[in-house]
Number of protein chains: 2
Amino acid sequence: MQNERADKPNQKVKRSHNREQPLLDAAAKLFASKGYKGTTMRDIGSEVGMLPGSMYYHFKSKQEILLAVYKQAVYSLKTRVEEVIAEQENPWRRLEVATKTHLEAIINKNDYAQVMTEIKPHKAPEIRSELTAMRNSYEGIFVDLINELPLKSDVNKKLFRLMLIGALNSVKIWFQPTDITPEDIASEFVRYLRQSSEI
Amino acid sequence: MQNERADKPNQKVKRSHNREQPLLDAAAKLFASKGYKGTTMRDIGSEVGMLPGSMYYHFKSKQEILLAVYKQAVYSLKTRVEEVIAEQENPWRRLEVATKTHLEAIINKNDYAQVMTEIKPHKAPEIRSELTAMRNSYEGIFVDLINELPLKSDVNKKLFRLMLIGALNSVKIWFQPTDITPEDIASEFVRYLRQSSEI
DNA sequence: GTCTATAAGAAGATAGAC
DNA sequence: GTCTATCTTCTTATAGAC
C-alpha cells in the first residue's frame, strides 16, 4: 500500500487529497479538549504534521476553522438523529432515541459534537450569528419532537425542551462509563419529563 | 466628598484601602463575559484604572485571581442558599427555594456566580483540583437537600441532582427576563422531578 | 501544497524608580 | 501601592521560495 497508483511511483501517497479533513479532525479534537481560545494554530498544525503557515492555504483564519468544524458537527449529528427517529413511531420513544443518540455523541469521543455543545458562539464574536443559527437548526429537531408529544395543556414546551437539552449537555461533565450507559440516562431523563407532563 | 479625612488634604480619596475587592469585581465581570482565557490582565487592570504591572502587587498571577474569584463566589452563594433553605421546613419547598436562589444568582448580574458555573476547572489546569473542590463544596448543598426528599426507592439520586443542576446552569444561555421569572422556572423544574419521583 | 522566515502585535510577568 | 519600562514568549497571519 505504498502507492495508490503504480504509474506515479515517485509521488507521495495521498498527495493532493484532502488535507482539510484531517485538519478539521485535529481542530475538533483540540477545541473539544482545550477550548477555542486555548487552542492555537500551531497546536492544530502539529497534530497533523503541518507547519502553521501551511494551514492558511486551506483555511484563511482560525475562525473559519471553527466555522467548518461547527458545520460538520451540526450536519452529522442532525443526520444521525434524524435516522434513528425515523425508525420509531411512538412520540415518546422518538424523543428517547434522539436523546440517547445525542448523549452517545457527546460522551463517546465525538469531538465535533462536543465542540457544538461546549464552545459557545460568543467565543468567536465575528461569526457568532452563524454559529447560533447552526445550533438552532439542530435544536429544531427537539422542537419538533416535543410538538408531537401528547402533553397536558399547561406544559411549557420551551421550558420542557430547555430543561432536557440543558441536562443533556451537562452530562459529559460528570459521566463515568462504569456508572451507567447513555441509554439508561436517556430513558431516565425522558421518564422524569413524561411522568409529570403526559396527558 | 473630595476627601474622607480633612487632616490629610493632599492624599487621594480611598488611599490605601482595599484595591483587591475592586480588582476581583472587575475580574469576575470580565471572566463571566469573555471567559478566563479571553480576559487579559490588561483588561482587568483597565477596568479599575490600574496598569498591568501594579496588579502583581496584589495577586501574583492570573490564576490566583481566578482562585480568589471562585472562592468568593462559592462562599457567598453557599451562604445565601443556606439562608433561604433555613427558612423552610418542607423538603420539596427547601429544594425549590435553593433552586430559585441559584437561578437568581446566575441570571441577575451576579458575575461571581456566573464564573463559578461557567468557567470549568480545566481551563486553569494548575489550580484545577482546588476549583473542583470548591464546586463540589457548593453542590454538596444539593446532595443534602435531595437526601431529605421522600423519594421512591428506585430513584437514582445522583442522576436526579445532575439533571437539576445541569438544567439550571444552562438557563442563562436562553433566559429572557420578559419570558418568565426565576421563581417560575424553579417551580417548574422541581415539579417535573417531583411528580415522577415522589413516594 | 508545504516550507522558511518573519512581520506585528499581544500575552503574562518582573525590576526598579517614585 | 502604583508607575514606567521592559523581558520573554507566544499569537495570528502573510510573503515568497521551492
Side-chain angles (χ1 to χ4, degrees), chain A residues 3-5 8 10-28 30-31 33-69 119 123-128, chain B residues 3-5 8-28 30-31 33-69 119 122-128:
Chain A
N3 292 300
E4 289 177 305
R5 307 178 55 173
K8 289 191 171 183
N10 269 354
Q11 216 130 17
K12 271 200 192 147
V13 179
K14 287 199 191 175
R15 14 178 296 285
S16 65
H17 290 154
N18 268 348
R19 291 285 272 150
E20 273 145 43
Q21 195 54 48
L23 273 176
L24 291 179
D25 291 349
L30 291 162
F31 289 161
S33 66
K34 305 173 51 173
Y36 176 66
K37 288 253 167 65
T39 299
T40 69
M41 294 297 272
R42 278 167 181 75
D43 292 337
I44 300 170
S46 81
E47 272 279 317
V48 301
M50 190 183 278
L51 291 177
S54 311
M55 291 187 292
Y56 288 86
Y57 172 81
H58 302 282
F59 298 97
K60 79 171 204 295
S61 69
K62 189 180 167 187
Q63 285 179 10
E64 204 177 78
I65 295 179
L66 178 60
L67 207 55
V69 170
I119 311 266
K123 297 275 168 174
E126 295 89 343
I127 52 171
R128 179 187 172 138
Chain B
N3 291 301
E4 287 175 307
R5 306 177 55 175
K8 289 191 172 182
N10 270 353
Q11 215 133 17
K12 270 198 191 150
V13 180
K14 285 199 194 174
R15 17 177 292 289
S16 65
H17 291 152
N18 266 347
R19 292 285 275 148
E20 272 144 43
Q21 195 55 50
L23 272 176
L24 292 180
D25 291 348
L30 290 162
F31 288 161
S33 67
K34 304 173 52 172
Y36 176 66
K37 289 251 168 66
T39 299
T40 70
M41 294 296 274
R42 283 163 178 79
D43 291 338
I44 299 170
S46 81
E47 272 278 317
V48 301
M50 190 183 278
L51 290 177
S54 312
M55 293 188 290
Y56 288 87
Y57 172 82
H58 302 281
F59 299 96
K60 77 172 206 294
S61 67
K62 187 180 169 187
Q63 285 177 11
E64 206 177 77
I65 295 180
L66 179 60
L67 209 53
V69 169
I119 310 267
H122 77 265
K123 297 276 168 170
E126 295 89 342
I127 53 170
R128 180 189 170 136

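Chain naming here is simple, since letters A, B, ... match the order of the sequence lines and numbering starts at 1 in each.
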For [X] and [N], what is the distance between atoms [atom1] and [atom2] respectively, to the nearest whole Å?
X	N	atom1	atom2	answer
B:Leu30	C:dA11	CG	C1'	15 Å
A:Tyr56	C:dC3	OH	C1'	15 Å
B:Met55	D:dG1	CE	C1'	14 Å
B:Phe59	C:dG12	CZ	P	15 Å
A:Glu20	C:dG1	CD	P	8 Å
B:Leu23	D:dG1	CG	C1'	11 Å
B:Leu51	C:dC18	CG	C1'	14 Å
B:Met41	C:dT14	CE	P	10 Å

From the options [options], select the nucleotide whose nearest atom is closest to the side chain of [X].
X	options	value
A:Tyr57	D:dA13, C:dG1, C:dG12	C:dG1
B:Lys62	C:dT2, D:dT14, C:dG12	C:dG12
B:Arg42	D:dT4, C:dG12, D:dA13	C:dG12
B:Thr40	D:dA13, C:dA11, D:dT11	C:dA11
A:Ser54	D:dC3, C:dC3, D:dG1	C:dC3
A:Met50	C:dT14, C:dC3, D:dT11	C:dC3

Beyond-backbone contact of [X] with [Y], side-chain heavy atoms, under 4.5 angstrom:
X	Y	result
A:Ile65	A:His58	no
A:Ile44	A:Phe31	yes
B:Arg19	B:Tyr57	no
A:Tyr36	A:Lys62	yes
B:Phe59	B:Glu20	yes

**Message:** Would the base of D:dG1 count as contacting B:Arg19 through its side chain, where contact means a donor and an acceptor less than 3.5 Å apart?
**Reply:** no
